[in-house]
Trainee: 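Below is one structure. I have some questions about it.
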Protein chains: 2
Amino acid sequence: MAGKREQNREQNRLALIGAVLDSVAEKGISETSVSEIIQRAGLSRGMIHLHFGGKENLVQAAAHHSSEEYYDGLEALLQTAGDSPQERIEMIVRGDLSERVLNRRNVNIWYAFRGESRNRTAIAEHSDTRDGRLRGMIHNAFSRIVREAETPDASGAARDATHGTLALLEGMWTDFLLHPDRFDREEAARIIFRFLAAMFPAHFALSGAIRPQQEKGAAPAAPEASDS
Amino acid sequence: MAGKREQNREQNRLALIGAVLDSVAEKGISETSVSEIIQRAGLSRGMIHLHFGGKENLVQAAAHHSSEEYYDGLEALLQTAGDSPQERIEMIVRGDLSERVLNRRNVNIWYAFRGESRNRTAIAEHSDTRDGRLRGMIHNAFSRIVREAETPDASGAARDATHGTLALLEGMWTDFLLHPDRFDREEAARIIFRFLAAMFPAHFALSGAIRPQQEKGAAPAAPEASDS
DNA sequence: GGTTTTGATGGACGATTGTCCATTTTTAAT
DNA sequence: ATTAAAAATGGACAATCGTCCATCAAAACC
């Protein structure tokens, strides 16, 4: 019953948001003008003001939307993971490095917004939200690992492991941003697990699936389906 | 000697570059207009076209300048470091996290340029150059460490340690970008060394001042039934 | 001191920016 | 079928963008 009226309305809202994200991913923020947006969305000039009250709010909504998409993808993956903390961490790491989450489009959008987040308050939240939610997921898992392991200074160890894992993931994203061609997802995951295995050998040494053989075997480079 | 003519010329060139960097750090790239730049530099409108041929080239020169500054700072620090590879790595890490290098101004500039680097070729080089040079420094040190330690698969270990350390540093920078207030340099360094100590206990265990907890006790009997 | 040379100035210029509204079109209600 | 309401249109508009050049000021040379 949604009403054709409201249905179209929402559809156009999403078209505008999608157009912003496409343009930001492809041309960058500075070249994402109102003209560019409405052309991509195939809508008229006034729609931005009508639906969002201005370009600024639209960009903010697009940032929020992108953030939600990122989390939906990650949490969907997490639901398919087992209950053990090491399984959850492994799923988070592999999910965060998977092609669905870590691809040219998302990385470009993410870093474009970050670069401008200084001024745009609402966009900074976008990054903060991600950080906060992801941190919570990882920290929960490490807390359990550390508790089981009866580590001295458990809370500190969990905190440091969380902070370190997040930093590693961030670094890998940056790596992908700067070298999308030569980026290797398997290598990125292997390195993270190598660090984790060194810190928690009982939990990650085997599950990490670290292959000692890293002769630069002609691993079939990921197809790298750079969209857009 | 220098000629008052040429002296002023160079001085104005630098004033323009400095104005761009100040503006980018403070207001972001999108708000760094020609008017903004010449106002900060206290020069006339035509200077940009005269000295750089256009705004685009000026911004590019500013990115290059910022990159050089970063490296000068880091290499100056490195000269005061000892010869041992662990000393050099520790100096790089602490230098990269020091207030002289990692501060709001630099981080804002760095990420602002990164966010737009997709389009601006020359700015992408700026990031690449940093990456290439820094990677070389770190990799050299790890190669020596790994060689001394007679690690199996030495080259792979050095490569992974380099990649991981770089990713950790990048992640810490991102952390600073998003939370400059609550960022803790000591904590960041401690976490990195904690990871390194876990990987190379003989080299970093003591200098890190944190005892790695990886030594499993006599009665570890992992409570986890599944693969540990 | 006069002349040449070059750096520096600031306004003119067309292009493009984002906002806003009078108008038209479409859907829902009567 | 008619009316009321809402959504969509596209152009007008002032403001701002970056470029460029005619003009001016001053350092360098003779």
Side-chain angles (χ1 to χ4, degrees), chain A residues 1-24 26-63 112-113 116 119-123, chain B residues 1-24 26-63 112-113 116 119-123:
Chain A
M1 292 328 170
K4 193 170 178 185
R5 198 79 178 238
E6 196 171 351
Q7 196 172 346
N8 267 5
R9 188 184 155 88
E10 192 57 23
Q11 179 178 329
N12 287 337
R13 263 186 59 99
L14 289 178
L16 286 173
I17 287 178
V20 168
L21 294 179
D22 285 344
S23 174
V24 166
E26 197 173 322
K27 304 214 172 179
I29 280 195
S30 65
E31 293 194 37
T32 298
S33 62
V34 167
S35 304
E36 179 78 27
I37 295 168
I38 58 118
Q39 188 179 346
R40 283 177 186 264
L43 296 173
S44 62
R45 204 161 189 72
M47 292 291 269
I48 292 176
H49 180 254
L50 174 65
H51 282 295
F52 297 93
K55 186 198 171 190
E56 186 69 23
N57 290 339
L58 167 57
V59 171
Q60 167 179 342
F113 283 144
E116 285 284 288
N119 324 333
R120 329 222 182 186
T121 313
I123 292 182
Chain B
M1 303 289 211
K4 194 170 177 183
R5 202 81 179 234
E6 195 172 349
Q7 196 173 347
N8 266 8
R9 188 184 155 90
E10 192 59 21
Q11 180 178 330
N12 286 337
R13 263 186 59 100
L14 289 177
L16 285 173
I17 288 178
V20 168
L21 294 178
D22 284 344
S23 175
V24 166
E26 197 173 323
K27 302 214 172 180
I29 279 195
S30 64
E31 293 194 38
T32 298
S33 62
V34 167
S35 303
E36 179 76 28
I37 295 168
I38 57 117
Q39 188 179 346
R40 283 177 186 266
L43 295 175
S44 64
R45 203 162 189 71
M47 291 292 269
I48 292 177
H49 178 255
L50 175 65
H51 282 295
F52 298 93
K55 185 196 172 192
E56 186 69 22
N57 291 339
L58 167 57
V59 171
Q60 168 180 342
F113 282 144
E116 287 282 292
N119 320 332
R120 330 222 181 183
T121 312
I123 292 183

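So you know, we letter chains A, B, ... as the sequences are listed, proteins then strands, and number each from 1.
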Trainee: Mind checking whether Phe52(A) and Val20(A) have side chains closer than 4.5 Å, heavy atoms only?
Mentor: no

Trainee: What's the closest nucleotide to the side chain of Leu43(A) if the choices are dA8(C), dT19(D), dT9(D)?
Mentor: dT9(D)

Trainee: One thing to verify: whether Lys27(A) and Glu116(B) come together as a salt bridge, which I'm taking to mean a side-chain N less than 4.0 angstrom from a carboxylate O.
Mentor: no

Trainee: Which part of the nucleic acid does Ile48(A) contact within heavy-atom distance under 4.0 Å: base, sugar-phosphate only, or nothing?
Mentor: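 No contact.
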
Trainee: Just the rounded figure in Å: distance from P of dT17(C) to NZ of Lys27(A).
Mentor: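 From Lys27(A) NZ to dT17(C) P: 10 Å.
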
Trainee: Starting at atom CD of Glu10(B), determine the distance to atom C1' of dG7(C), rounded to an integer number of angstrom.
Mentor: 13 Å

Trainee: Ser35(B) has a side chain; which of dT19(D), dC17(D), dA8(C) sits nearest to it?
Mentor: dC17(D)

Trainee: Return no unless some side-chain N or O of Arg45(A) is found under 4.0 Å from OP1 or OP2 of dG10(D).
Mentor: no

Trainee: Side chain of Val34(B), heavy atoms from C-beta onward: which of dA8(C), dG10(D), dT19(D) has the nearest atom to it?
Mentor: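 Minimum distance to the Val34(B) side chain belongs to dT19(D).
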
Trainee: Rounded to the nearest angstrom, tell me the gap between atom CZ in Arg9(B) and atom C1' in dA26(D).
Mentor: 15 Å

Trainee: Phosphate oxygens OP1/OP2 of dG10(C): is one of them under 4.0 Å from a side-chain N or O of Ser44(B)?
Mentor: no

Trainee: Does a side-chain N-to-carboxylate-O contact under 4.0 Å join Arg40(A) and Glu26(A)?
Mentor: yes

Trainee: Quick check: does any side chain N or O of Ser23(A) sit under 3.5 Å from a backbone N or O of Ala19(A), one acting as donor and the other as acceptor?
Mentor: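 A pair under 3.5 Å: no.
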
Trainee: Look at the side-chain N and O atoms of Asn12(B) and state whether any lies under 4.0 Å from the OP1 or OP2 oxygen of dA8(C).
Mentor: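 Yes, such a contact exists.
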
Trainee: For Thr32(B) and for Asn8(B), locate the closest nucleotide of DNA chain D by heavy-atom distance; then report the residue assigned to the nucleotide nearer the 5' terminus.
Mentor: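 Comparing both residues, the 5'-ward one is Thr32(B).
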
Trainee: Output the rounded distance in Å from CD (Glu31(B)) to C1' (dA15(D)).
Mentor: 15 Å

Trainee: Find which nucleotide of DNA chain D each of Leu50(A) and Gly53(B) is nearest to by heavy atoms, and output the residue with the more 5' nucleotide.
Mentor: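 Its nucleotide being nearer the 5' end, the pick is Leu50(A).
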
Trainee: Between dG10(D), dA8(C), dT19(C), spot the one nearest the side chain of His51(B), thanks.
Mentor: dA8(C)

Trainee: Would you name the heavy atoms of Leu16(A) and Ala41(A) that are closest together and state the gap between them?
Mentor: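 Here Leu16(A) and Ala41(A) meet closest at CD2-CB, 4.0 Å.
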
Trainee: Would you kindly give the CD-to-P distance between Glu6(B) and dA8(C), to the nearest whole Å?
Mentor: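 Checked: the CD to P distance equals 11 Å.
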
Trainee: Side chain of Lys55(A), heavy atoms from C-beta onward: which of dG18(C), dT9(C), dA8(D) has the nearest atom to it?
Mentor: dG18(C)

Trainee: Less than 4.0 angstrom between a side-chain N/O of His49(A) and OP1 or OP2 of dC20(C), yes or no?
Mentor: yes

Trainee: For the pair made of CD in Gln39(A) and P in dG10(D), what is the distance, rounded to whole Å?
Mentor: 13 Å

Trainee: Between dA8(D) atom C1' and Gln11(A) atom CD, what is the distance in whole Å?
Mentor: 13 Å

Trainee: Would you mind reading off the distance between Ile38(B) atom CD1 and dG11(C) atom P, rounded to a whole angstrom?
Mentor: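 These atoms are roughly 10 Å apart.
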
